[in-house]
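Below is one structure, written out as structure tokens; the observations come after it.
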Amino acid sequence: MGERASNVLEGLRELILGTPPIDERAQLALPMELGPSQPATTDLDKLVDVEVLHAIVDLLPDAITLIHRDGSILLRNRAAFELLGPARSVDWRVTALEEDPRHPDGRPYTLEELPARRALMDGVAVRAEPMTLRHATTGEDVSVLASSVPLRGADGAMLGATVVFRDLGALLERDRERDTFARVVGHEIQVPLTAVRGYIQQAIRQLPSGVDTSLATRSLQRADANVSRLVTLLRDVLDTSRQQLAPVVPESLELGAFLSEVHSRFDPALQSRVRLQTPDFVHVRGDRRLLEIVVVNLVDNARKYGPEEGTIEVSVAREGSVGLIRVRDDGDGIPDSDREAIFKPFRRGWNAGAHEGSGLGLYLSRQLAERHGGRLELEPSTRGTLFALSLPLA
Amino acid sequence: MRASAPVLVVEDDASILDVVRSALEAEGYDVRTATNGKEGLERLADGKVSLVLLDMRMPVLDGWQFAKELKRRAIDVPVVVMTAAQNARHWAEEIGADAYLSKPFDLDDLLAAVARHRDS
């Protein structure tokens, strides 16, 4: 395959598979006349390259559009047609290529905000940005993740841009079904659980009072304790399922102010153990309510797994293109073998038996972090356990 | 036996109805039962009750409609909502209940709620 086509393919491959932006490396030499029908050259070698390229792009499941800096569409694959309907014959410099582009909160995109424009006019790469579009013929809303990179010529001049839309619809639908199923199952379980709990408590109330070591008493008390565990587990699973689906409504948050507010809602005993270190102003984009869930979970873990009365340090920092919230406790730290396991659902790791909780907190918190375009990681630490929540800067 | 009027329990699940009834009777209350909102209204017609323990999700006439009907008939009786955890508080506010119990509830919590809110 010729060098030209392989460069374009490499660019597309990286864009779709999500490797770091390639704008510095996309040294493509696209002939100005390249289009879906007639190649500019009669060179057989290059002719085959172009056709192979088109064939492959047409097979890819994501919607792909190549736009030329002169306002026209160079290429649009089959998936784009299926996902969004026929292309509009518009000049992208003046009108959005897709119908009614909106942010997840419903706000329409301005022309300048559109990923293709940002790639081509500002030379920036856009990665997995959630958008809502409208199908050109059915009028139905389509939820997508949009990515776009500029395409430059060998001399570095901006020639065009690639825009990729990944369909979120099927994934969202599956999540919704899963949530409905969880809620229905949850309700069905709650009914007999209520009865069981009631009967066990009734039986315990019938027993003679005072210290009673009989087997019957112990059995009933342990049964009651396990029912309480089931109740907590059921509630946590249903809560987690609900939070996983909650829409992220981002705003600009100043981390110091945000953490002070969260801190003010802790119970007094916890408040006195938490030390806030927020020397700098750090503004991030995040959903206040969902981020509070993450912070509360991290502080709660520090309280449960750290030493009683130990200090819990909560600090903020700006590093590169992210804002960070770090939570550290003075406990024993987490053994290397468990460092990834703790983020899995229901895996509470090394000393799980000693503590209450369903083992879903870190699992959910990591998901919430990722839904913000951020991360939740365990950082190496000489003492205690150190979690770092990173979020994109506003 | 307490001298006050009976407690009315409106709940469609037979087991939950049974365990709540026996817990209340063990505590000394008279208990009337109904398995849906329509039966609940009929039981009310049998005579004054001191409190209604109300499940929300029932066939024939659900808790929401039962509460609306109470309001329409200007029947003033304390109501404690019993329903699934996520919805309990919401429903209690919606229908103007006096209190709520999240299922699966603790018997002690149920008895405390009855003692606190019933008409004496």
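In what follows, every chain begins at residue 1, and chains take the letters A, B, ... in the order their sequences are listed. All values reported here derive from a predicted model rather than from experimental measurement.
- Using a distance-only test at 3.5 Å, with no hydrogens or angles considered, no donor-acceptor pair links the side chain of Glu94(B) to the main chain of His90(B).
- With hydrogens and angles ignored, the 3.5 Å screen pairs no side-chain donor or acceptor of Glu69(B) with any backbone N or O of Leu41(B).
- Remark: Arg57(B) CZ is loosely packed, at most 12 non-hydrogen atoms of other residues, nucleotides or ligands lying under 6.0 Å away.
- Looking at Leu111(B), the atoms closer than 4.5 Å to chain A (heavy atoms on both sides) all sit in the side chain, from C-beta outward.
- Comparing Leu110(B), Ile16(B), Val19(B), Asp18(B) by heavy-atom pairs within less than 4.5 Å of chain A, the highest count is held by Val19(B).
- The aromatic rings of Trp64(B) and Trp91(B) lie tilted to each other, with the angle between the two planes from 30° to 60°.
- For the set Asp13(B), Asp108(B), Val20(B), Leu17(B), the count of heavy-atom pairs under 4.5 angstrom toward chain A peaks at Asp108(B).
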